[in-house]
2 protein chains.
Amino acid sequence: MSTSIHQVAERAGVSIATVSRAFNTPDAVHSDTRERIAQVARALRYAPNRSASTLRSRRSRTIGVVLPTLLNPVFAECFEGIAQASCEAGYAIVPYTTEYDLERERRAIAWLRERSVEGVVLTVANAANSPLLAEITRAKLPYVLLYNRHQERPCVSVDQTAAVQESVTYLHDLGHTRIAMATGSLDTSDRAQQRYDGYAQGMRALGLTPLAAAEQPFMHANTDALNALLLQAKRPTALICSNDLLAVRALRTARTMEIDVPRELSIVGFDGIALGAELTPSLTSISQPNAEIGRSGVELLLAGRTPKPRDSITLAHALRLGETVAARTSQSSA
Amino acid sequence: MSTSIHQVAERAGVSIATVSRAFNTPDAVHSDTRERIAQVARALRYAPNRSASTLRSRRSRTIGVVLPTLLNPVFAECFEGIAQASCEAGYAIVPYTTEYDLERERRAIAWLRERSVEGVVLTVANAANSPLLAEITRAKLPYVLLYNRHQERPCVSVDQTAAVQESVTYLHDLGHTRIAMATGSLDTSDRAQQRYDGYAQGMRALGLTPLAAAEQPFMHANTDALNALLLQAKRPTALICSNDLLAVRALRTARTMEIDVPRELSIVGFDGIALGAELTPSLTSISQPNAEIGRSGVELLLAGRTPKPRDSITLAHALRLGETVAARTSQSSA
DNA sequence: GCCAATAATGTAAACGTTTACATTGTGAGC
DNA sequence: GCTCACAATGTAAACGTTTACATTATTGGC
């Protein structure tokens, strides 16, 4: 049986209250006593029982983490940041992945409440109509949104709209004018929507007409829309993808259609997953500081008072240059 | 304040014991009563307090999950399997990543003990000398190793040695004789070692002399050893990599050296990460059922009695054919 | 119609902490 | 030397469950 505070107290010749204080409010106990307790605790390999502590103090020192999936490296990278930050703060994590499934998202709240998390960092498909977010708000549980960007919510994200807009300008500077965008499902994902907005604004700012997004409904989607886009006579010479996984798929689609990247088609991804830089050709991508997003989210959540919309943090994005983008050449024009 | 069992009991006109039973041993309470309690509980949005339950029953319904990193998709895929299986069993997870750092591995045990996990599923660098594994054994904590393969430990894995051996044969059948292997750090990782053994055995079985492994010490390693290997006059025509991330890097190295894959060099990875199939060229890889490994590990752990070495499970691997392997041609010979 | 077995519920004592409050000892200020 | 403040510690009551044990119907066998 594992050792309890009583045995430490006895061996150290003090009451259990003093042992408890030695751990939680060290200044409240005499340094000699503290030292003695520390020694006994070490000798007995005493680890305070978290459940008892939580039960009595009503502080679980646990936060919920709800992400769509860990299979997308963006979220894996983010998760590592979250885990590291919360570990440093002595907080444990209750992870939950929704797999973009509304039913699972709905079930998350019970899972989290039951484990009495003190707060939640989460990414939802759409902040405007997320059942989970509604429940969290209703339960008055402190939370921070990651990646989602919403005026009336505390968020940690990059300015996705501006980021995509910049990349449009970048491509335009390289001579591209027929620039298209591939996204996930627009009405499911607010992020995809905001990224597309950046594209549209960027195009208009340059006096160009934005094209409709080539939407690919699901994660392992067919690439019909993209195929159609690239089959046109006057096909685009540059393609911005709303995430890196889509960009990888676009790379493959182009190869299948015998379109050379980047000579005939430039591709820009979004997310800046580490693996992108290792690919051949290496992916040009609007990179987000994923681990930092997770870390900041946790820090904001644990900062003290409940995070408010005005506490939202916008982190810096950067265009990570790779080998999938080239200046427009004569070949680019079909 | 969240609602407690007392309020449910009062509203349902029963004692708290009955409410408790209604949740934990439904058969022990009358169906009418059970129904009434269920209704009240729903109305009051009652969720039993896990800490109190754990404290009293000494069952935390929580398992520890220790993996090297989630940045390698192998482990992310595995983690999803773990999460799903434990969620279904009503178990929460305490995740911990070691980042291949011994100090972090050492700290894991305290982290887990403090949260009173009932068991652990884990992957260690080397099962033969892992401080964490030693501590877990010492604490008599039930555990299951994932990916690690060890006679005297309960493990869930594929037969890596056989898998690599088969891939050697496969390449040989395609005409390759100069087959090399790239690995991570051999004396750090027992998995890399076992995979290399499979290579060596495979070569000898074919009457060929195994080459020394091109070792790449760390995750973001330099590719010096690989470069040297490929710079030789009679360079290999096929390369087996001990994991997919290495294979991706090898792909890049080859491109840098203007060696065409697969015409001049065939590449086989190990792990079967989902992304590999999306790459261009798509990665030929010895694929493991990663989610299944995680899932089986959890199921074994929660099966009842403490898992024993003889409970170890070997899952099926498969050579996932991709575009990085071709039959040996005249060009293959330098 | 009585007894024993069984089903359904209640009572109350844990589980291992934290923490308000009480107690003691010590030195400073007068 | 008497108070007062303060530091250090102790006492004991929670926190919200589970569960051994006790109690009270209910049923069936005789």
Side-chain angles (χ1 to χ4, degrees), chain A residues 1-38 40-41 44-62 90-92 110 112-118, chain B residues 1-38 40-41 44-62 90-92 110 112-118:
Chain A
M1 194 68 359
S2 79
T3 89
S4 89
I5 200 174
H6 288 96
Q7 308 165 47
V8 177
E10 192 178 11
R11 282 270 283 262
V14 294
S15 75
I16 60 167
T18 301
V19 176
S20 175
R21 280 188 284 253
F23 278 86
N24 301 307
T25 51
D27 295 339
V29 348
H30 193 99
S31 55
D32 295 354
T33 318
R34 201 193 312 142
E35 184 56 35
R36 192 154 27 95
I37 291 174
V40 173
L44 263 43
R45 316 187 129 252
Y46 167 68
N49 180 316
R50 221 72 180 188
S51 299
S53 164
T54 295
L55 178 58
R56 173 58 224 236
S57 68
R58 339 203 86 207
R59 302 206 50 197
S60 65
R61 288 165 190 287
T62 290
Y91 273 68
L112 297 175
R113 274 203 343 134
E114 213 167 303
R115 283 153 189 87
S116 48
V117 299
E118 290 178 26
Chain B
M1 193 67 2
S2 79
T3 89
S4 87
I5 200 174
H6 289 95
Q7 306 164 49
V8 177
E10 192 177 13
R11 282 270 285 263
V14 295
S15 74
I16 60 167
T18 301
V19 176
S20 176
R21 281 187 285 253
F23 278 87
N24 301 308
T25 50
D27 295 340
V29 349
H30 193 98
S31 57
D32 294 357
T33 319
R34 201 195 310 143
E35 185 54 37
R36 193 154 26 95
I37 291 174
V40 174
L44 262 44
R45 317 189 127 248
Y46 166 68
N49 180 316
R50 221 73 181 185
S51 299
S53 164
T54 295
L55 178 58
R56 172 58 225 238
S57 69
R58 339 202 90 211
R59 302 205 50 197
S60 66
R61 284 161 191 289
T62 291
Y91 274 68
L112 297 175
R113 274 201 346 132
E114 212 166 305
R115 283 156 188 85
S116 47
V117 298
E118 290 179 25

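Computed over heavy atoms, backbone and side chain alike; hydrogens, waters and symmetry mates excluded. Just so we're clear, the structure is a prediction, and the values are computed from it rather than from any experiment. Here is how names work: the chains are called A, B, and so on, in the same order as the sequence lines, proteins then strands, and each is numbered from 1.
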| said: Between A:Glu114 (side chain only) and B:Ala47 (backbone N and O only), is there a donor and an acceptor less than 3.5 Å apart? | reply: no
| message | Please report the distance, rounded to the nearest Å, between CG in A:Leu55 and C1' in C:dG16. | response | 9 Å
| Listed nucleotide nearest any side-chain atom of B:His30, set D:dG16, C:dT9, C:dT17 | C:dT9
| query | Taking side chain as C-beta onward, heavy atoms only, is A:Ser53 less than 4.5 Å from A:Pro48? | reply | no
| task | Examine the base of C:dG10 for any acceptor or donor lying under 3.5 Å from a partner atom in the side chain of B:Arg21, and report the outcome as yes or no. | result | yes
| field | A:Arg113 side-chain N/O to B:Arg45 backbone N/O, donor-acceptor pair under 3.5 Å | value | yes
| said: Check this for me: does the side-chain of A:Arg58 come within 3.5 Å of the base of D:dG16 through a donor and an acceptor? | reply: no
| Want to settle it: does B:Ser57 or B:Gly13 sit nearer the 5' end of DNA chain C, counting the closest nucleotide to each? | B:Gly13
| field | Atom-pair distance (CG on A:Leu44; P on C:dG16), nearest Å | value | 14 Å
| message | What is the separation between atom OH on B:Tyr46 and atom P on D:dG16, rounded to the nearest whole Å? | response | 10 Å
| field | Minimum-distance nucleotide (side-chain atoms of A:Ala17 versus C:dT9, C:dT17, C:dT19) | value | C:dT19
| Any side-chain N or O of B:Ser20 less than 4.0 Å from the OP1 or OP2 oxygen of D:dT17? | no
| message | I want to check one thing: is the phosphate of D:dT17, taken as OP1 and OP2, less than 4.0 Å away from some side-chain N or O of B:Ser51? | response | no
| said: Taking only side-chain N and O atoms of A:Asn24, does any of them lie within less than 4.0 angstrom of OP1 or OP2 on C:dT18? | reply: yes
| Is a side-chain donor or acceptor of A:Ser60 paired with a backbone partner of A:Ser116 at a separation under 3.5 angstrom? | yes
| said: Whether B:Ser15 contacts C:dT9 is assessed here as follows: a side-chain N or O lying under 4.0 Å from the phosphate OP1 or OP2. Is that the case? | reply: no
| request: Flag the pair A:Thr62 / A:Arg115 as yes when at least one side-chain heavy-atom distance between them is below 4.5 Å, and no otherwise. | output: no
| message | Using only modelled atom types and a 3.5 angstrom limit, is any donor from either the side chain of A:Arg56 or the base of C:dT17 paired with an acceptor on the other? | response | no
| field | Earlier contact from the 5' end, DNA chain D, for B:His6 and A:Thr18 | value | A:Thr18
| request: Please report, rounded to the nearest Å, how far the P atom of C:dT9 is from the CZ atom of B:Arg34. | output: 10 Å
| query | What nucleotide among D:dT17, C:dT9, C:dT19 has an atom nearest to a side-chain atom of B:Pro48? | reply | D:dT17
| message | From CD1 of B:Ile37 over to C1' of D:dT17, roughly how many Å is that when rounded to an integer? | response | 15 Å
| Between C:dC15 (C1') and A:Gln7 (CD): distance, integer Å | 13 Å
| remark: The nucleotide from C:dT18, D:dT17, D:dG16 with an atom nearest the side chain of A:Ile5 is C:dT18
| field | Spacing of A:Arg113 atom CZ relative to D:dG16 atom C1', expressed in whole Å | value | 14 Å
Table please: side-chain donor-acceptor pairs of residues 31-38 of chain A below 3.5 Å, with sequence neighbours left out.
from: A:Arg34; atom 1: NE; to: A:Pro26; atom 2: O; distance (Å): 3.2
from: A:Arg34; atom 1: NH2; to: A:Val29; atom 2: O; distance (Å): 3.4
from: A:Arg36; atom 1: NH1; to: A:Ala12; atom 2: O; distance (Å): 2.3

| note | Atom CG of A:Asp27 and atom C1' of D:dT9 are separated, to the nearest Å, by 16 Å
